Amino acid sequence: MLDLKFIRENPELVRKAIQDKGDKADLDGLLALDVKRREIIGEVESARARQNRVTLQIAEMKKAKQDAAAVIAEMRAVSDRIKELDEQLRDAEEKIYQIQIRIPNIPHASVPVGDPSHNQVVRQWGEMPKQDFKPLPHYEIAEKLGLVDFNRTSRMSGASFVGYRGLGARLERALINFMLDLHSEKQGYTEIAPPFVTKRESMFGTGQLPKLEEDMYHIPLDDLFLVPTAEVPVTNLHREEVLDGEELPIFYTAYTPCFRREAGAYGKDTRGLVRIHQFDKVEMVKFVKPETSYEEHEKLTANAEEVLQLLGLPYRVVSLATGDLSFSAAKCYDLEVYAMGMEKWLEVSSCSNFEDFQARRANIRFRPFKGAKPEYVHTLNGSGLALPRTVIAILENYQTDEGTVTVPAVLRKYMGVDVIR
RNA sequence: GGAGAGGUGCCGGAGUGGCUGAACGGGGCGGCCUGCUAAGCCGUUGUAGGGAGUAAUCCCUACCCAGGGUUCGAAUCCCUGCCUCUCCGCCA
């Protein structure tokens with residue numbers, strides 16, 4: 001969330017951000033309430049100052065065995081007035097807060113302004129795959145090779161739930177291990193194995209709540225949420241902490257399944273593995289000093305790109321326009337892999353810089369040096385990568401005219417086979 | 001799941017209704033002193049909000065896990081929540 005003082009001092013900047021992101025937070029309501037709030041504070045604090053003075057007198061009088069009844073009666077009225085004002089203040093602050101937490105982060109100056117049609121392809125990597133036979137879509141390949149149990153798992157858990165079998169299951173596990181190994185051994189990330197459910201506060205910290213509650217799986221009995229991404233548990237690892245400046249930057253990587261209700265997305269991309277309620281993902285999360293966050297953002301994106309490069313999958317990097325940017329992000333690159341069978345670019349990674357937006361919500365700070373005031377860190381995260389669409393690209397781009405799938409070289413040691421047949 | 005204990009400043013640890021933003025010890029920082037062995041002495045050491053001033057700064061308010069309540073007045077009493085620890089039970 002944004003700092004209240006910042007909003008007060010830069011209302012036009014905030015207004016533009018709300019507009020550019022296509023949001024409709026009530027900025028004017030907040031500004032009016034803020035004026036009211038400060039009026040109340042002025043009054044209640046002077047009343048309290050008086051109360052503090054008189055209360056000492058009462059103690060003196062009692063010690064001197066004087067009758068304090070009259071003064072106490074007077075103070076009772078003051079006390080009542082303070083309570084009244086306190087209530088008004090609480091009410092105003094709660095209303096302000098409810099608006100404040102719904103104001104989106106401000107896009108960085110380098111982000112293209114406009115709706116998603118203004119997304120910018122900033123670079124492209126790899127050869128577009130070509131075959132002299134008619135490539136099949138992944139769901140047909142998976143069906144023929146017995147890699148995915150579309151029908152049984154739907155019967156068991158509902159539509160858009162998918163389970164893997166045989167070499168399909170092995171491919172899933174191979175990809176997770178390959179990605180975690182790359183991030184932790186070569187790219188300097190510390191591996192985390194977090195819980196797959198979190199409390200409400202953690203979902204709030206990273207910005208999923210309150211806006212996206214209907215997209216989350218919720219366990220009412222314990223008021224817990226299934227994680228929609230490892231970003232939630234891993235970023236919240238340092239919630240309510242003041243980190244030592246020397247610890248920064250902190251790089252984490254984690255595998256989790258991701259649970260998303262995808263409310264409102266029914267009928268879109270329903271075929272195969274493109275959009276499912278539970279999918280595997282390896283995530284990277286960074287906690288950095290503010291002045292380095294944009295440099296770290298580029299590096300994070302490069303780290304995700306390396307996964308695709310090593311897998312030999314062609315992709316492009318898209319800088320999201322303001323209208324496509326998530327609520328919490330200041331800037332975001334999407335990585336889109338090309339899948340030959342579907343003839344589509346599929347989003348497999350979002351690499352975002354949240355600046356201090358999440359850090360303020362989750363209260364994650366650092367002390368730049370000994371004795372200095374704590375400042376908010378900048379948080380970033382990026383998928384490295386989401387598995388199902390990576391699997392789509394592998395199955396489709398590596399298919400042969402014999403109906404088999406060649407295993408990408410880097411995965412062979414994890415798969416134990418060179419060809420899926 | 002049952003029973004109990006507890007959450008105080010950077011850390012340890014006092015404090016059970018007014019004089020406590022908080023004793024004492026440690027650490028950090030600043031200074032002094034010193035040839036006697038990683039010593040001694042003195043001082044200092046939180047955050048947030050509101051207001052005044054060009055500013056250094058000053059005034060007020062709040063904060064002893066969080067949120068409510070009782071009271072003229074709460075770190076101290078009551079309620080709720082969160083977290084930690086111990087014992088018992090259950091369990092992969």
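By convention in this document, chain letters (A, B, ...) are assigned in the order of the sequence lines, proteins followed by strands, and residues within each chain are numbered from 1. FYI, side chains are in, hydrogens and waters are out, and symmetry mates aren't considered; it's all heavy atoms of this structure. Keep in mind the model is a prediction, meaning the values are calculated, not measured.
Side-chain contact check for A/Q120 and A/S319: no donor-acceptor pair (N or O, by modelled atom type) lies under 3.5 Å. No side-chain N or O of A/H183 forms a donor-acceptor pair with one of A/T253 less than 3.5 Å apart.
Counting any heavy atom pair closer than 4.0 Å across all strands shown, A/R53 reaches no nucleic acid atom. Here A/K199 lies in heavy-atom contact (under 4.0 Å) with sugar-phosphate atoms only. When heavy atoms are screened at a 4.0 angstrom cut-off, A/I58 is found touching base atoms of the nucleic acid.
Of the candidate nucleotides B/G18, B/G49, B/G73, B/G18 has the atom lying nearest to any side-chain atom of A/K62. Relative to the side chain of A/K63, the nucleotides B/G49, B/C60, B/C19 differ in distance, and B/C19 lies closest. Taking only side-chain atoms of A/A59, from C-beta outward, the nucleotide of B/C72, B/G50, B/G18 with the closest atom is B/G18. Listed candidates were B/U61, B/C72, B/G49. Nearest to the side chain of A/R76 is B/C72. Of the candidate nucleotides B/G51, B/G18, B/G49, B/G18 has the atom lying nearest to any side-chain atom of A/L56.
B/G67 atom P lies 12 Å from atom OH of A/Y97, rounded to whole Å. The distance between atom CG of A/L85 and atom P of B/G50, rounded to the nearest whole Å, is 17 Å. Rounded to an integer number of Å, the gap from CD of A/E87 to C1' of B/G69 is 12 Å. Nucleotide B/U47 holds its C1' atom 13 Å from the NZ atom of A/K5, rounded to whole Å. Taking atom CD on A/E375 and atom P on B/A48, their separation rounds to 11 Å, with Å as the unit.
Between A/N52 and B/C72 there is no side-chain polar atom (N or O) within less than 4.0 angstrom of OP1 or OP2. Between A/R8 and B/G50 there is a side-chain polar atom (N or O) within less than 4.0 angstrom of OP1 or OP2. Between A/S46 and B/U61, a side-chain N or O to OP1/OP2 separation shorter than 4.0 Å is absent. Remark: A/K83 is not in phosphate contact with B/G69, judged by side-chain N or O atoms under 4.0 Å from OP1 or OP2. The shortest distance between the side-chain N/O atoms of A/R48 and the OP1/OP2 oxygens of B/U61 is not below 4.0 Å. For A/Q51 and B/G73, the shortest distance from a side-chain N or O to OP1 or OP2 is below 4.0 Å. Residue A/R90 places at least one side-chain N or O closer than 4.0 Å to OP1 or OP2 of B/G68.
At a cut-off of 3.5 angstrom, counting only N and O atoms as typed in the model, there is a donor on one side and an acceptor on the other between the side-chain of A/E45 and the base of B/G49.
The partner of B/U57 is B/A52, judged by Watson-Crick or G-U wobble contacts that both fall below 3.5 Å. A 3.5 Å limit on both hydrogen-bonding distances identifies B/G2 as the Watson-Crick or G-U partner of B/C87.
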ask   = Given the rule in the ring pair (Phe, Tyr, Trp, His ring centres under 6.0 Å) test, do A/H238 and A/F287 qualify, once you have shown the distances and angles that lead to the verdict?
value = CA-CA 9 Å; A/H238 292 298; A/F287 300 81; 5.0 Å; yes

task = Could you give me the CA-CA distance, side-chain angles and deciding distance for A/R275 and A/S160, then say whether side-chain contact (heavy atoms from CB on, under 4.5 Å) is met?
result = CA-CA 7 Å; A/R275 186 179 298 275; A/S160 292; over 6 Å; no

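Between the side chain of A/T292 and the backbone N or O of A/K289 there is at least one donor-acceptor pair closer than 3.5 Å.
Considering only heavy atoms from C-beta on, A/N381 stays 4.5 Å or farther from A/K286 through its side chain.
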